[in-house]
Amino acid sequence: MTEFVKKVIVLDQIANGFGLPGKKVSGVAKVQKNGQKLFAGVYVANFCKSKADFLECVLVIGKKVYHATSDICSFEIKIDSLQQSDEVSCLVCAVKNGGGVPFVFASDNPKTVAEDIAKHLECEQITQYEEFVCATDNYFKDDEIDLQLIKQ
């Protein structure tokens, strides 16, 4: 008898600012085993492509970690095993100028969080604070700062 395993998880938005106007980013990750044939695909919807140079995907199946990059919003990932008992998690990161921000995530284990998977990213992660600093002017750019004005 041929073993068949199929797992599908729905990716939810975990960071704002990456969707098309008026839309939330979402997606789906699908892993499947049919006998000896293995397949993994990750698809992202409503992503504004101008927000990234490319996308990085981390797919975790059981204890195995798989990486993929793409210029489009889909990934086909070569996997080498899948069991019915394997947990599946997926994180997609937008990479621009070498820095990345994870923006969609899903796991079939409610105890797994995005930060658990983000440690496997190959790109340098940009924190929300760094993203904020890059998007704003430097408040302290003048040589002479009037601390009384700041305290008000």
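Computed over heavy atoms, backbone and side chain alike; hydrogens, waters and symmetry mates excluded.
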### Query
Can you list the steps and then say if I14 with L91 is a side-chain contact (heavy atoms from CB on, under 4.5 Å)?
CA-CA 10 Å; I14 58 171; L91 178 78; 3.8 Å; yes
Atom of [X], atom of [Y] and distance for their closest heavy-atom approach:
| X | Y | answer |
| --- | --- | --- |
| V42 | C57 | CG2-SG, 3.9 Å |
| V101 | C93 | N-SG, 3.2 Å |
| V25 | N46 | CG2-O, 3.6 Å |
| K49 | C73 | CE-SG, 4.0 Å |
| T2 | N34 | CG2-OD1, 3.5 Å |
| C123 | G100 | SG-CA, 3.8 Å |

Would a 4.5 Å heavy-atom cut-off, applied to side chains only, mark [X] and [Y] as touching?
| X | Y | value |
| --- | --- | --- |
| F47 | L55 | yes |
| E87 | S107 | no |
| F75 | L59 | no |
| C90 | L11 | yes |
| V58 | H67 | yes |
| Q83 | K33 | yes |
| D116 | S89 | no |

Starting from [Y], can I reach [X] by hopping between I/L/V/M/F/W/Y residues whose side chains sit under 4.5 Å apart?
| X | Y | result |
| --- | --- | --- |
| V95 | Y43 | no |
| V44 | L20 | no |
| I79 | F39 | no |
| V92 | V10 | no |
| F54 | I72 | no |

#### Entry: Atom NZ of K24: over 12 foreign heavy atoms under 6.0 Å
no
### Query
With a cut-off of 6.0 Å (strictly less than), are more than 12 heavy atoms of other residues, nucleotides or ligands near NZ of K51?
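At most 12 heavy atoms, drawn from other residues, nucleotides or ligands, come within 6.0 Å of this atom.
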### Task
Verify, without hydrogens or angle tests, whether D53 (side chain) and N97 (backbone) share a donor-acceptor contact under 3.5 angstrom.
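Indeed, once roles are kept as given, a pair shorter than 3.5 Å links the two residues.
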### Task
Measure from the side-chain N and O atoms of K7 to the backbone N and O of D86, and report whether any donor-acceptor pair falls under 3.5 Å.
yes
### Message
Once rounded to the nearest 0.5 Å, what's the spacing between atom CD of Q84 and atom CZ of F4?
### Response
9.5 Å
